[in-house]
Chemist: 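Before I ask anything, let me first share the structure, which is written out below as structure tokens.
Remember, predicted model here, so these are calculated numbers, not experimental data. For the single chain, residues carry numbers from 1 onward in sequence order. In listed order, ligands and their atoms are each counted from 1.
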Amino acid sequence: MKPKVYITRKIPKEVVKQIAEVCNVRMWEEEDIPVPRHVLEKELAESDGLYCLLTENIDRDLLDKSPRLKVISNMAVGYNNIDIKTASQRGIMVTNTPGVLAQTTADLTFALLMATARRLVESSDFLRKGEWKTWSPMLLTGQDVYGSTLGIIGLGQIGELVAQRAKGFEMHVLYHNRSRKLEAEEKKGIQYTDMETLLKESDFVCILTPFTSETRHLIGRKELSLMKNTAVLINTARGGIVDEAALYDALKKKEIWAAGLDVFEQEPVAIDHPLLTLSNVVTLPHIGSASFHTRMQMAQLAAENLLAALLGDIPKTLVNESVISK
Ligand code: GLV
């Protein structure tokens with residue numbers, strides 16, 4: 001009997017084919033709509049494996065209704081959408097896709113930083129609206145990136161790659177992380193600081209930490225008030241790390257200069273969200289890892305992980321190693 005697998009969104013055909021060689025595959029075929037909860041519940045009642053995205057909330061209630069589930073393969077590096085504790089208690093392997101997306105996400109983080117600093121979106125809109133009358137000395141002036149200070153909150157793979165890019169722009173790089181990374185400090189010429197110093201001294205603050213109960217609203221009113229009023233906040237991690245109401249107020253009151261956001265507390269962000277009314281905010285629809293090559297690599301790694309778990313092997317990028325000893 002082939003194991004039963006449910007895939008929650010259309011993924012590349014060749015990847016589906018690879019899974020279907022060893023599994024009975026069912027898939028949610030809509031591209032623009034996430035699988036409704038009742039459909040997911042029904043499918044998981046009979047599935048041995050789940051291949052899902054960050055849009056699916058895999059909570060305790062759902063796991064209660066998934067008696068056969070052996071593996072949850074998340075096609076994302078972040079796995080805050082999954083109740084890891086409950087999954088682990090039940091011996092369900094959870095896997096993610098780190099590594100393959102790090103360079104692409106570091107590129108996007110840097111692109112967003114530059115776009116926000118130099119007001120690229122606002123400038124493009126200005127031109128298209130026919131407002132460009134003449135070259136003018138102070139027209140659409142922004143912040144310099146080269147030679148400025150970058151503060152990275154969360155020095156994982158992506159954080160290190162952002163630091164590397166920053167060095168090409170002669171930036172002074174500070175970081176804050178749960179643990180110090182001495183090798184990275186030496187190799188990349190970056191400096192560890194406490195959070196307060198990082199916020200006070202950085203011209204650009206980049207959030208690249210995982211979203212957990214400890215990092216929820218890590219950046220709130222107090223933290224924003226410590227930042228320079230010329231500073232730019234960049235978030236390409238998870239929306240919930242920033243208190244959006246506090247961010248809106250800080251931007252409105254010019255306590256900080258601008259923000260570049262690829263992620264939001266609620267996604268997709270409501271079109272009437274107050275942050276979207278501000279011209280000093282650059283917003284993107286969670287596209288950090290969205291390059292053709294990287295999305296293919298993520299889809300493949302997620303498939304490899306799923307199949308390894310179902311065939312009795314240890315998946316390459318297992319999140320909850322504690323399940324192996326069970
Ligand atoms: C995207 O946000 C991811 O976690 O891969």
Chemist: Can Glu185 and Tyr175 be counted as having a side-chain donor-acceptor contact under 3.5 angstrom?
Modeler: yes

Chemist: So if I only count non-hydrogen atoms and take anything under 4.0 Å from ligand 1, which residues does that give, chain by chain?
Modeler: Leu54, Ala76, Val77, Gly78, Leu101, Arg238, His286

Chemist: Is a donor on one side and an acceptor on the other found under 3.5 Å between the side chain of Arg9 and the backbone of Trp28?
Modeler: no

Chemist: Salt bridge check, Lys4 against Asp48: does any charged N sit closer than 4.0 Å to a carboxylate O?
Modeler: no

Chemist: Name the orientation class of the two ring planes belonging to Phe110 and Phe169 (parallel below 30°, tilted from 30 to 60°, perpendicular beyond 60°).
Modeler: tilted

Chemist: Less than 4.0 angstrom from a charged side-chain N to a carboxylate O is my criterion; do Lys200 and Asp194 meet it?
Modeler: no

Chemist: So which of Ile72, Val15, Thr95, Asn305 actually passes side-chain contact (heavy atoms from CB on, under 4.5 Å) with Tyr51?
Modeler: Val15

